[in-house]
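Numbering of residues begins at 1 and proceeds along the displayed sequence.
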Amino acid sequence: DAMGNVSEGKTITITNIDKTVPVITVDPISSDWTKEDITVTFSATDNSNDTIYYAVSESGSLTAAQITGTKPSYTVSKNGTYYVYAKDKAGNIAKKIFNVSSIDKEAPVIVIDSFESAWTNKSIQITFSATDNSNDTIKYAVSKSSSLTAAEVSGTETSYTVTANGTYYVYAKDLAGNIAKKAVTVS
């Protein structure tokens with residue numbers, strides 16, 4: 001002051017500056033084929049121990065205002081590249097990429113080759129094949145039943161010998177469990 005009095009210095013501690021971005025960890029994503037949605041879980045750590053806000057997007061460019069969720073999981077319904085964002089209370093943003101490539105919701109497509117349709121007193125051989133969008137292994141079954149279960153569609157044979165007239169069903173199942181069925185009538 002004007003009289004020359006000097007007060008003791010005071011220490012001020014500042015603890016609300018945070019310039020460190022959160023660190024994101026994405027839990028392992030199953031590579032097993034599935035026809036269901038996949039829930040991806042993740043977490044983030046931050047030096048401030050405050051609430052972390054999350055967002056997931058197929059876009060690599062979200063703004064801070066879009067990162068408002070507190071749930072550390074996201075349900076993915078299709079294959080693709082996704083970005084998980086984490087934002088701390090100070091507004092520092094981290095981004096981590098993850099890929100999902102094991103969702104297959106489409107059944108195989110069955111092709112039945114042409115077969116003998118003229119009257120005969122012999123058995124008829126039906127041959128078939130199937131294609132699938134995931135290029136995975138396909139299992140087959142042939143039955144007079146129009147309602148086989150997934151467990152019953154487990155063979156690898158791509159032909160069937162018909163010994164009597166009737167309607168037969170060719171089934172094809174991919175690794176995700178999607179099943180296609182196609183009827184073929186021998187008369």
[atom2] on [Y] to [atom1] on [X], rounded to 0.5 Å:
X	Y	atom1	atom2	result
Lys89	Asp18	NZ	CG	11.5 Å
Asp132	Ile138	CG	CD1	5.0 Å
Leu175	Asp32	CG	CG	9.5 Å

Does any N or O in the side chain of Lys173 come within less than 3.5 Å of the main-chain N or O of Asn178, such that one atom is a donor and the other an acceptor?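 Judged by distance alone, no pair lies under 3.5 Å.
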Whether Lys35 side chain and Gly177 backbone form a donor-acceptor pair below 3.5 Å: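 Checking the backbone N and O of Gly177 against the side chain of Lys35, a donor-acceptor pair under 3.5 Å is found.
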Would you mind listing every ring-ring contact (aromatic ring centres under 6.0 Å, His included) that reaches into residues 15-38, with sequence neighbours excluded? none
ring-ring contact (aromatic ring centres under 6.0 Å, His included) contacts in which one or both residues fall within residues 3-26, not counting sequence neighbours: none
Using the rule that Ile, Leu, Val, Met, Phe, Trp and Tyr join whenever any side-chain heavy atoms are under 4.5 Å apart, tell me whether Val170 and Val186 fall into a single cluster. yes
ILVMFWY network linking Tyr82 to Leu62, side-chain heavy atoms under 4.5 angstrom: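 No: no chain of side-chain contacts under 4.5 Å links Tyr82 to Leu62.
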Atom of [X], atom of [Y] and distance for their closest heavy-atom approach:
X	Y	answer
Tyr85	Ser57	CE1-CB, 4.3 Å
Lys87	Ala64	NZ-O, 2.9 Å
Thr20	Asn92	O-ND2, 3.3 Å

Could I get the full list of side-chain hydrogen bond (donor to acceptor under 3.5 Å, both in side chains) partners for [X], not counting sequence neighbours?
X	result
Thr81	Asn99
Asp37	Lys105
Ser59	Ser61

Go through it in stages, so that I can follow the logic: the residues are Val56 and Phe98, the test is side chain to side chain contact (heavy atoms under 4.5 Å, CB included), and I'd like the CA-CA distance, side-chain angles, deciding distance and then a yes or no. CA-CA 10 Å; Val56 176; Phe98 67 89; 4.1 Å; yes
I'd like a table of donor-acceptor pairs (distance under 3.5 Å, sequence neighbours excluded) in which one partner is a side-chain atom from residues 153-165, with atom names and distances.
| unit_1 | atom_1 | unit_2 | atom_2 | d |
| --- | --- | --- | --- | --- |
| Ser159 | OG | Gln125 | NE2 | 3.0 |
| Thr161 | OG1 | Gln125 | OE1 | 2.8 |

All side-chain contact (heavy atoms from CB on, under 4.5 Å) counterparts of [X], not counting sequence neighbours:
X	value
Ile12	Ile14
Ile38	Ile29, Thr34, Val40, Val100, Ser102, Ile103
Ala44	Pro22, Ile24, Ile52, Tyr54, Ala86

Using the side-chain hydrogen bond (donor to acceptor under 3.5 Å, both in side chains) rule, collect all pairs that involve residues 68-80, keeping only residues at least two apart or in two chains.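 For residues 68-80: Thr39-Thr75.
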Suppose the criterion is side-chain hydrogen bond (donor to acceptor under 3.5 Å, both in side chains): which pairs have a residue in residues 142-151, not counting sequence neighbours? Thr149-Glu152
Output side-chain donor-acceptor pairs under 3.5 Å for residues 110-118, partner residues at least two apart or in another chain, one line each.
| unit_1 | atom_1 | unit_2 | atom_2 | d |
| --- | --- | --- | --- | --- |
| Asp113 | OD2 | Thr127 | OG1 | 2.8 |
| Glu116 | OE2 | Ala118 | N | 3.2 |

Begin from the C-alpha positions of Ile97 and Lys95 and carry the test side chain to side chain contact (heavy atoms under 4.5 Å, CB included) through to its verdict. CA-CA 7 Å; Ile97 191 170; Lys95 173 174 69 172; over 6 Å; no
Tell me, with the steps shown, if Ile179 and Leu148 meet side chain to side chain contact (heavy atoms under 4.5 Å, CB included). CA-CA 10 Å; Ile179 297 176; Leu148 289 186; over 6 Å; no
